[in-house]
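Basis for what follows: all heavy atoms, side chains included, without hydrogens, waters or symmetry-related copies.
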Amino acid sequence: MRGYVNSSEIKQIVVFGLIILPMAVLFYENKLNIGHITSVPLFLMLLLMLIARNIEIPIASIRTRKPELLSQHAFMLEKIYSVPVSEELITPKERVFDTKLTINFGGAVIPLLAIIFLLATGPITTSLEIALIITVIAFLASEIIDGVGIEVPDYIGLVSLPLTFLLSTDSAESVIFISSTTGIIAGCVASLLTLDREKNGSAYISIGGVGSFRAIYIMALIASLLSYYT
């Protein structure tokens, strides 16, 4: 658990909650799905993703530089990203972070499990082709924010929409969810692999968590709503 609830986090929860609330009626009427993930499991998946958005699973540890000016921006970063930067700066080592590399349960583990299921039952080739394109775009558009981790623009997954309708019309919602989510997560991994540890640093660097959760969750919502029309 890394994040904490502040005004920014509350606003995000309220916005997503207001979107899910009317969607609950459509789920109840079995009008929404993503591929072979039917209404009830899909609703539970979206709800669990939101609830588990702050749960981080450690996978490795590295050393990264602790930027000298980070303390001056800590309050602003905490307000924007809802992470305790000031607390994380207090470590035995003055110049480096013992950075924990983590995978977010709500923003990566749950979506990846859903993707594995969908790939076993749906269009694999088209999804992976588009995912590769989004991976490159997400990697190029991502940014390392000192004290926070990898940030991906919230809108980046929207690239999958025109590509999906151009290349395939079958199970469009499934292709969009698989390609956008896989591309965003893979783009974050690529950014992590190219991280300059002597220049940037953070106590945590999460895949699917702070900085990329919103981009993934937004595409899960869009794919779910799109199934109403396909």
Side-chain angles (χ1 to χ4, degrees), residues 3 5 8-24 26-27 31-35 37 39 41-56 80-83 103-115 118 127 130-131 133-143 145 148-165 171-189 191 206-230:
V5 178
S8 177
E9 182 78 355
I10 291 173
K11 289 178 183 178
Q12 178 177 296
I13 294 171
V14 169
V15 169
F16 285 140
L18 290 175
I19 296 173
I20 290 179
L21 191 60
M23 287 177 65
L26 297 175
F27 283 121
K31 293 183 177 180
L32 300 181
N33 66 282
I34 294 181
I37 302 178
S39 288
L42 181 56
F43 175 72
L44 293 176
M45 183 188 83
L46 292 174
L47 195 60
L48 188 57
M49 284 176 66
L50 195 58
I51 293 172
R53 70 195 179 284
N54 286 333
I55 299 177
E56 302 288 348
I80 296 174
Y81 295 98
S82 302
V83 290
I103 182 167
N104 187 271
F105 191 78
V109 175
I110 294 174
L112 286 175
L113 290 175
I115 287 170
L118 290 171
S127 299
I130 299 174
I133 296 172
I134 296 176
T135 297
V136 175
I137 296 173
F139 170 67
L140 295 175
S142 65
E143 183 179 3
I145 307 295
V148 176
I150 301 169
E151 182 180 43
V152 177
D154 295 344
Y155 58 80
I156 205 71
L158 296 176
V159 176
S160 65
L161 271 69
L163 292 175
T164 297
F165 293 124
S171 301
E173 77 287 344
S174 181
V175 174
I176 287 169
F177 176 73
I178 293 171
S179 60
S180 60
T181 304
T182 302
I184 292 169
I185 292 175
C188 288
V189 173
S191 295
S206 172
I207 303 299
V210 176
S212 56
F213 175 80
R214 286 197 302 269
I216 293 170
Y217 198 72
I218 286 171
M219 293 313 300
L221 292 174
I222 290 176
S224 300
L225 289 170
L226 185 63
S227 67
Y228 183 84
Y229 300 99
T230 58

Roughly how far apart are [X] [atom1] and [Y] [atom2], rounded to 0.5 Å?
X	Y	atom1	atom2	value
Ile137	Ser142	CD1	OG	12.0 Å
Ile37	Leu44	CD1	CG	11.5 Å
Phe177	Ile222	CZ	CD1	12.5 Å
Ile20	Ile13	CD1	CD1	11.0 Å
Leu226	Asn33	CG	CG	10.0 Å
Ile178	Ile34	CD1	CD1	9.0 Å

Return the minimal non-hydrogen interatomic distance between [X] and [Y], and the atom names on each side.
X	Y	result
Ser180	Ile134	CA-CD1, 3.8 Å
Phe105	Ala52	CD2-CB, 3.5 Å
Thr135	Thr182	OG1-O, 4.3 Å
Leu46	Tyr217	O-OH, 2.8 Å
Met23	Leu225	CG-CD2, 3.8 Å
Ala220	Ser224	O-OG, 2.8 Å

Q) Between the main-chain N or O of Gly35 and the side-chain N or O of Glu173, is there a donor-acceptor pair closer than 3.5 Å? A) yes

Q: Give a yes or no answer on whether the side chain of Ser39 reaches the backbone of Leu32 with a donor-acceptor pair at less than 3.5 Å.
A: yes

Q. Is any side-chain heavy atom of Cys188 closer than 4.5 Å to a side-chain heavy atom of Val152?
A. yes

Q) Is any side-chain heavy atom of Arg53 less than 4.5 Å from a side-chain heavy atom of Phe16? A) no

Q: For Phe139, enumerate each residue passing the ring-ring contact (aromatic ring centres under 6.0 Å, His included) test, keeping only those at least two apart in sequence or located in another chain.
A: none

Q) Restricting to pairs with a member in residues 103-115, which pass side chain to side chain donor-acceptor pair (under 3.5 Å), not counting sequence neighbours? A) Glu56-Asn104

Q) CZ of Phe165: more than 12 outside heavy atoms within 6.0 angstrom? A) yes

Q: Look at the rings of Phe43 and Phe27 and say which category their plane angle falls in: under 30° parallel, 30 to 60° tilted, over 60° perpendicular.
A: tilted

